Amino acid sequence: MPGVSFLLPIQFDLAAVFLLAVTGVWAATQRGYDVVGAFVLAFVTGVGGGLLRDGLFLQDIPLVMLDARYIWVVLAALVVGALAQRLADRFQSLIAYVDAAAIGVYAVYGANKSLVAGVSPEAAVLVGLCNAVGGGLIRDVLVREEPLLLKPGQLYVLATLVGCTSFVVLSHQYGVEVEVAAYLEYQMRLLGA
């Protein structure tokens with residue numbers, strides 16, 4: 001049975017952190033928070049899933065504590081999110097699209113990192129899913145909004161679960177190269193979204 005021994009480049013994780021942090025900034029500005037509140041929401045939304053993945057599930061030092069690029073990415077998201085707020089206000093569905101893109105990347109990175117750490121394929125799917133939705137869940141709780149994943153009719157978690165499962169099956173069971181499996185998962189999410 002093939003296994004996964006190659007970790008996706010950290011740029012995948014950083015891209016997901018950036019996109020999710022931007023949604024945190026948008027949530028903060030919609031509620032009239034100041035720059036400190038916007039940074040806090042950007043931070044927890046961006047790195048919350050990774051903190052769950054590394055600190056809770058994989059029992060490892062979270063990457064955000066080891067690599068300063070995570071803080072810089074959140075700060076960049078703070079600036080970009082503030083500058084793009086009018087665009088987000090004008091196109092309300094933009095937030096959902098940015099969230100969906102980030103969730104797909106985060107799910108694959110979390111599942112991949114779990115497999116490399118030696119977690120079972122089934123557990124890797126769950127870790128990838130928690131990695132993907134963890135930051136958004138924390139954001140929703142902090143702003144006292146019903147979490148999107150608990151609302152009826154929201155299929156993005158199911159789509160993320162299917163995509164994450166397909167990534168694990170392709171990369172772990174069939175030995176498909178990690179980058180190819182990640183790309184195929186992303187294409188499946190686009191078709192399902």
Side-chain angles (χ1 to χ4, degrees), residues 4 6-27 42-54 57-58 60 62-64 67 69-78 80-81 84 88 93-117 119 121 124-140 148-149 154-172 176-193:
V4 174
F6 176 72
L7 187 61
L8 285 166
I10 196 168
Q11 286 76 13
F12 280 76
D13 202 27
L14 292 170
V17 167
F18 175 80
L19 292 172
L20 286 168
V22 166
T23 69
V25 173
W26 289 342
F43 183 80
V44 300
T45 306
V47 301
L51 289 172
L52 291 173
R53 174 196 68 216
D54 295 340
F57 295 114
L58 300 181
D60 199 5
L63 285 176
V64 69
D67 192 333
R69 289 180 289 181
Y70 286 91
I71 301 298
W72 289 110
V73 164
V74 171
L75 289 170
L78 186 63
V80 169
S93 60
L94 181 62
I95 295 172
Y97 287 121
V98 171
D99 215 20
I103 286 171
V105 174
Y106 232 10
V108 167
Y109 193 84
N112 177 239
K113 188 169 183 190
S114 299
L115 289 171
V116 170
V119 172
V125 169
L126 292 176
V127 171
L129 185 64
C130 291
N131 190 147
V133 300
L137 180 64
I138 295 168
R139 175 198 62 217
D140 292 345
L148 187 60
L149 75 98
Q154 298 299 321
L155 300 178
Y156 79 99
V157 174
L158 183 58
T160 302
L161 179 63
V162 169
C164 197
T165 301
S166 67
F167 170 79
V168 169
V169 167
L170 287 171
S171 65
H172 184 74
V176 174
E177 289 184 35
V178 173
E179 293 96 341
V180 173
Y183 176 77
L184 292 173
E185 184 276 341
Y186 180 72
Q187 293 302 316
M188 284 187 249
R189 277 193 46 82
L190 286 179
L191 294 173

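Please read these numbers as outputs of a predicted model, since none were measured by experiment.
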The test is side chain to side chain contact (heavy atoms under 4.5 Å, CB included); show your working for F12 and V108 and say whether it passes.
CA-CA 9 Å; F12 280 76; V108 167; 5.7 Å; no

Could you go through F57 and C130, starting from their C-alpha distance and side-chain angles, then the distance that decides it, and tell me whether this counts as side chain to side chain contact (heavy atoms under 4.5 Å, CB included)?
CA-CA 9 Å; F57 295 114; C130 291; 3.7 Å; yes

Go through the steps for I10 and Y70 under the test side chain to side chain contact (heavy atoms under 4.5 Å, CB included), then give the verdict.
CA-CA 10 Å; I10 196 168; Y70 286 91; 3.5 Å; yes

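Considering all non-hydrogen atoms of both residues, L52 and G134 come closest at CD1-CA, 3.8 Å. What you find for G48 and I138 is that their closest heavy atoms are CA-CD1, 4.0 Å. When every heavy atom of Y106 is checked against every heavy atom of A132, the shortest pair comes out as CB-CA, 3.9 Å. Here the closest heavy-atom approach between residue V73 and residue V17 is recorded as CG1-CG1, 4.0 Å. Considering all non-hydrogen atoms of both residues, L170 and A181 come closest at CB-CB, 3.9 Å. L19 and A102 make their closest contact through CB-CB, 3.5 Å (heavy atoms, listed as atom of the first residue, atom of the second, distance).
Side-chain N or O atoms of Y109 include none that pairs as donor or acceptor with a backbone N or O of Q11 at under 3.5 Å.
S114 OG to D60 CG: the interatomic distance, rounded to the nearest 0.5 Å, is 10.5 Å. Rounded to the nearest 0.5 angstrom, T160 OG1 and N131 CG are separated by 11.0 Å. Here OG1 of T45 is found 12.0 Å from CH2 of W26. Values are rounded to the nearest 0.5 Å. One distance of note links CZ of F18 with CG of L78; it measures 10.5 Å at 0.5 Å rounding.
Applying side chain to side chain contact (heavy atoms under 4.5 Å, CB included) to S171 and the options L115, V180, V176 leaves one that passes, L115. Test L8, L63, V119, V127 against K113 for side chain to side chain contact (heavy atoms under 4.5 Å, CB included) and you get one pass: L63.
Inter-residue side-chain proximity for C164 and L129 is flagged as unmet; no heavy-atom pair is nearer than 4.5 Å.
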